[in-house]
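Reading through the structure tokens given below for one structure.
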Amino acid sequence: MTQKLALITGASRGLGAALAEALAPTHHIVAVARTTGALEELDDRIKALGGTATLAPMDVTTPDAMATLCRGIHDRWGSLDLWLHSAIHAAPLAPANFVAAKDWEKSVTINATAASLLISYVAPLLGQTGKAVFFDDPRAGEKFFGAYGATKAAQMSLVRSWQAESATTGPNVQILEPNPMPTALRARFFPGEDRDTLKDPRDEAARLLPQILQA
């Protein structure tokens, strides 16, 4: 396979889906998300752009599923050029002393533990020349963002350590901060917000793409 290969975790909607479409002309997309229907709709849009995709309806929090995914990538393609991680959980906003145990546990599992697991599985596929891209949303310390802010900060702390550790050896680890977009995640945090003032995910993907593709 001469076309480059991009793995996108959290590809079914929002920025992940928009980036999958933006990369479709130059990359074969391995799209990972839990929602099969949304992945099939993404596949239709990628095909309409002349691209190709492999759909992986999987849960990033399931170690066996992620191990199977990465082993499948290795067996079929041997390596990976690009990994974009946009899977995230938005716990309900709540004062720190009222964060429900189930919301905290789910936030830790998706936002921190899954990222750690995936880094360990995907790093060998990226090797020295591949690139991993993560998306920051700094909310740590903000009122009512305790569960989301803390677990997203934990993810970013882990990623920054990996970035520093691989600076001279590869892979290239990149952190980008998207502009606010009218995604389902943001709607949970700001339900009354004027969505017309926010950036369309496709426009934001087009803005970020040059940074993602730069050497």
Side-chain angles (χ1 to χ4, degrees), residues 7-20 30-35 38-39 56-67 69-70 82-123 126 131-166 171 173-191 201 204-205 208 212:
L7 169 66
I8 303 180
T9 40
S12 62
R13 55 177 60 88
L15 183 61
L19 284 167
V30 179
V32 180
R34 290 182 301 172
T35 311
L39 284 177
M58 296 177 169
D59 188 337
V60 297
T61 68
T62 305
D64 287 349
M66 294 302 96
L69 170 71
C70 292
L82 181 62
W83 171 35
L84 308 181
H85 184 60
S86 62
I88 196 71
H89 174 63
L93 297 184
N97 57 322
F98 285 103
V99 173
K102 63 180 180 62
D103 293 327
W104 177 258
E105 182 177 355
K106 189 171 183 179
S107 298
V108 170
T109 300
I110 296 175
N111 299 345
T113 304
S116 176
L117 180 77
L118 280 163
I119 288 171
S120 67
Y121 286 172
V122 176
L126 293 171
K131 175 182 280 192
V133 183
F134 297 82
F135 303 96
D136 198 4
D137 181 20
R139 298 284 177 187
E142 291 189 16
K143 292 190 298 183
F144 311 120
F145 277 92
Y148 175 79
T151 55
K152 184 63 177 177
Q155 181 192 104
M156 287 296 101
S157 179
L158 176 65
V159 169
R160 287 189 174 92
S161 290
W162 187 29
Q163 184 180 54
E165 293 153 3
S166 63
V173 179
Q174 185 177 47
I175 299 172
L176 300 175
E177 189 172 331
N179 288 315
M181 296 167 286
T183 60
L185 180 146
R186 189 173 177 87
R188 294 192 67 180
F189 293 153
F190 306 103
E204 195 60 10
L208 295 173
I212 291 170

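We're numbering straight along the sequence, starting at 1.
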Do you know which two heavy atoms are closest between [X] and [Y], and how far apart they sit?
| X | Y | answer |
| --- | --- | --- |
| Leu69 | Ala56 | CD1-CB, 3.9 Å |
| Val173 | Gln163 | O-NE2, 2.8 Å |
| Ala123 | Trp162 | CB-CZ2, 3.8 Å |
| Glu142 | Pro138 | OE2-O, 3.6 Å |
| Phe189 | Ala90 | CZ-CB, 3.6 Å |
| Val60 | Val32 | CG1-CG1, 4.2 Å |

(message) Take a 6.0 Å sphere around CZ of Arg34 and say whether it holds more than 12 heavy atoms from other residues, nucleotides or ligands.
(response)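 Count not over threshold, so no.
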May I ask you to test the [X]-[Y] pair for a side-chain heavy-atom distance under 4.5 Å?
| X | Y | value |
| --- | --- | --- |
| Lys131 | Pro171 | no |
| Met58 | Met66 | yes |
| Leu19 | Ile212 | yes |
| Tyr148 | Leu93 | no |

Measure the spacing between [atom1] of [X] and [atom2] of [Y] and express it to the nearest 0.5 Å.
| X | Y | atom1 | atom2 | value |
| --- | --- | --- | --- | --- |
| Leu84 | Leu176 | CG | CG | 9.0 Å |
| Met156 | Asn111 | CE | CG | 9.5 Å |
| Lys102 | Ser107 | NZ | OG | 10.0 Å |
| Ile110 | Thr61 | CD1 | OG1 | 6.0 Å |
| His85 | Thr9 | NE2 | OG1 | 5.0 Å |

Output all residues satisfying salt bridge (charged side-chain N to carboxylate O under 4.0 Å, His left out) with [X], sequence neighbours left out; order by chain, then residue number.
| X | answer |
| --- | --- |
| Asp103 | none |
| Arg13 | none |
| Asp136 | Arg160 |

(request) Check whether any side-chain N or O of Ser116 sits under 3.5 Å from a backbone N or O of Ala112 as a donor-acceptor pair, and report yes or no. (result) no
(message) Could you check whether any side-chain N or O of Glu204 sits under 3.5 Å from a backbone N or O of Asn179, counting only pairs where one atom can act as donor and the other as acceptor?
(response) yes
(message) As a test of understanding, state which of Ile88, Ile175, Leu208, Val159 forms a side-chain contact (heavy atoms from CB on, under 4.5 Å) with Phe135.
(response) Leu208
(request) Evaluate the ring planes of Phe190 and Phe145, with Trp represented by its six-membered ring, and classify them as parallel (under 30°), tilted (30 to 60°) or perpendicular (over 60°). (result)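 The rings of Phe190 and Phe145 sit tilted, inter-plane angle from 30° to 60°.
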